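Please read these numbers as outputs of a predicted model, since none were measured by experiment.
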Number of protein chains: 2
Amino acid sequence: MNQPALGKEAIGIDLFAAGVASPKGKPRSLIESVMHRLRCEIVQGVLSAGSRLLIDDLQRRFDVSGGTVREALSLLVSDGLVHAKTQRGFFVAPMSLQDLEGLTRTRIALECESVRESVKCGGSEWESNLVAAYSELARSDEHVMRNPDDEFDQWEIANRNFHRSLISACSSDWTFRFLAVLNIHLERYRRLTSPHTLPERNVHAEHELIFQSALARDAEQCSLLLRQHIESSVSVVRQFALLR
Amino acid sequence: MNQPALGKEAIGIDLFAAGVASPKGKPRSLIESVMHRLRCEIVQGVLSAGSRLLIDDLQRRFDVSGGTVREALSLLVSDGLVHAKTQRGFFVAPMSLQDLEGLTRTRIALECESVRESVKCGGSEWESNLVAAYSELARSDEHVMRNPDDEFDQWEIANRNFHRSLISACSSDWTFRFLAVLNIHLERYRRLTSPHTLPERNVHAEHELIFQSALARDAEQCSLLLRQHIESSVSVVRQFALLR
DNA sequence: CGATTAACGATAATCGATTTTTTGGAGGTT
DNA sequence: AACCTCCAAAAAATCGATTATCGTTAATCG
């Protein structure tokens with residue numbers, strides 16, 4: 001019968017790159033293009049959290065019809081970057097410390113459990129992917145130290161790939177999907193606060209330890225380090241209390 | 001500044017009832033109404049997994065314009081019940097044993113971690129909600145034994161409320177949201193297989209044990225029982241191998 | 001003077017028509 | 001038989017205009 005197997009061309013949430021930098025080919029439709037541009041603007045903070053998304057404005061700004069804008073926005077509801085209220089339009093998802101904490105706890109639940117399983121059952125393919133992702137990230141870590149502004153997009157990609165590689169051995173599509181959503185949102189917080197956290201805590205050292213414990217197949221240790229890694233990034237934000 | 005605090009009227013995924021039976025008030029717009037009807041049909045299997053969702057058909061069937069259908073569909077992408085492919089339309093999310101397993105594992109990661117925390121930090125309000133939800137479920141468990149067909153919707157609600165109560169003490173909105181999504185999908189599988197699993201394994205007994213360990217504040221035990229509870233429901237499906 | 005209602009302007013929701021894109025052959029070529 | 005190319009039907013994407021709804025301000029009433 002009919003079993004389309006959900007190809008990579010499915011739109012909506014895309015598992016392969018959710019944030020600003022998208023490796024996906026050229027947009028295949030206006031809707032997709034508008035959706036992508038909106039997503040970037042939201043993640044980058046051009047459209048500020050909580051603000052209203054007026055169809056008319058967007059329609060003029062992107063030079064498309066209202067219906068197209070509406071549909072792009074509806075699709076963006078999928079990854080929670082946009083909220084829709086009946087008869088009152090669309091809004092950029094608000095940001096708050098509470099939201100960030102929820103984001104973080106949920107991420108920990110999913111990612112730590114996944115990494116535990118991956119470390120246990122990962123094969124050689126998993127291992128080599130992980131090694132590759134790690135060295136790429138190590139390179140990016142250095143670059144971003146020098147010129148934070150230029151290299152930030154690249155670092156985001158490398159970071160995402162590293163974390164994805166860690167859990168790629170045996171995680172379900174659903175887990176990937178949710179983590180992708182969480183990561184878009186967390187990226188938004190990172191971009192908001194990154195100008196203020198320049199002399200970054202030693203993220204690189206944390207990554208290295210996680211990487212080593214993964215290769216050493218110490219599932220519990222790896223999971224624990226990962227948890228601390230994820231938690232510590234939120235405490236940086238909390239210190240600056242940029243939110244509310 | 002602008003902080004709309006995301007009221008309960010937000011559409012898209014709704015945390016309060018995701019499946020067939022929705023306690024939400026009357027739909028406030030055509031889009032919402034179409035969205036809800038489509039969601040029901042998909043969850044109940046009227047629209048079969050993997051099948052194509054033709055705008056023209058739906059438009060005629062629901063007596064609304066194509067644009068309205070498109071937007072309802074776009075919104076349904078949010079909870080993964082509908083997939084959108086650029087220039088090729090919309091599809092009902094496919095079902096497979098693999099998907100079910102992913103759903104289950106992801107649910108376990110989220111729900112078991114959450115219940116652990118809830119049992120630890122739940123106050124008296126949490127406790128009384130849980131007691132209420134449990135007795136409601138116990139009642140439904142009995143009813144559904146007698147006439148499975150009539151009472152199934154009601155049981156789904158009671159079941160959902162019980163599981164939600166368990167973790168309600170300190171779970172984030174994100175966790176709730178994701179669990180709501182997973183539950184819609186799992187409900188679809190339950191409805192698909194429930195005719196074949198009539199003499200249900202003793203679900204009630206499982207719920208009771210979980211309930212008791214929660215009240216006894218035995219977080220680890222509760223989490224473990226919950227994990228087994230969730231796992232065992234998938235193995236039922238696996239036996240019947242209804243999928244693929 | 002406070003409260004209730006009426007009228008208005010802004011904006012979301014909806015539709016029907018038009019334009020592209022995809023799909024599934026029919027026929028012809030190697 | 002496998003592989004193109006071209007064509008027409010089907011379907012999705014897109015638009016511009018119309019209608020319904022909300023929130024606010026102005027007017028009215030007790």
Report the distance from atom [atom1] of [X] to atom [atom2] of [N], rounded to the nearest whole Å.
X	N	atom1	atom2	result
Leu75(A)	dA12(D)	CG	C1'	14 Å
Asp56(B)	dA13(D)	CG	P	12 Å
Lys85(A)	dC22(D)	NZ	C1'	13 Å
Glu32(B)	dA20(D)	CD	P	18 Å
Leu58(B)	dA13(D)	CG	P	13 Å
Glu71(B)	dA12(D)	CD	P	17 Å
Ile55(B)	dA12(D)	CD1	P	5 Å
Leu30(B)	dG16(C)	CG	P	11 Å

Original post:
Which nucleotide in the list dC15(C), dA11(D), dA13(D) gets nearest to the side chain of Arg70(B)?
Top reply: dA13(D)
I want to check one thing: is the phosphate of [N], taken as OP1 and OP2, less than 4.0 Å away from some side-chain N or O of [X]?
X	N	answer
Ser29(B)	dT21(D)	no
Arg88(A)	dA13(C)	no
Thr68(A)	dC15(D)	yes
Arg52(A)	dA12(C)	yes

Subject >> Those residues that, when tested against Ser33(B), pass side chain to side chain contact (heavy atoms under 4.5 Å, CB included) (two or more places apart) >> reply: Pro27(B), Arg37(B)
Original post:
Do Lys85(B)'s NZ or CZ and the ring of Phe90(B) fall within the cation-pi criteria of under 6.0 Å and 45°?
Top reply: no
**OP:** Please name the pair of heavy atoms, one in Asp79(A) and one in His185(A), separated by the smallest distance, quoted to 0.1 Å.
**Re:** O-NE2, 2.8 Å
**OP:** Identify whether any heavy atom of Gly89(A) sits under 4.0 Å from a base atom; if not, whether one sits that close to sugar-phosphate; answer base, sugar-phosphate or nothing.
**Re:** sugar-phosphate
Subject >> Touch class at under 4.0 angstrom, heavy-atom based, for Leu53(B) against every strand present >> reply: sugar-phosphate
Original post:
Could you walk me through whether Leu76(A) and Arg39(A) pass the side chain to side chain contact (heavy atoms under 4.5 Å, CB included) check?
Top reply: CA-CA 7 Å; Leu76(A) 278 176; Arg39(A) 180 154 40 206; 4.1 Å; yes
Subject >> Short N-O contact, Arg191(B) and Glu187(B), less than 4.0 angstrom >> reply: yes
Original post:
Which residue, Ser65(A) or Gln87(A), contacts DNA chain D at a nucleotide closer to its 5' end, judged by nearest heavy atom?
Top reply: Ser65(A)
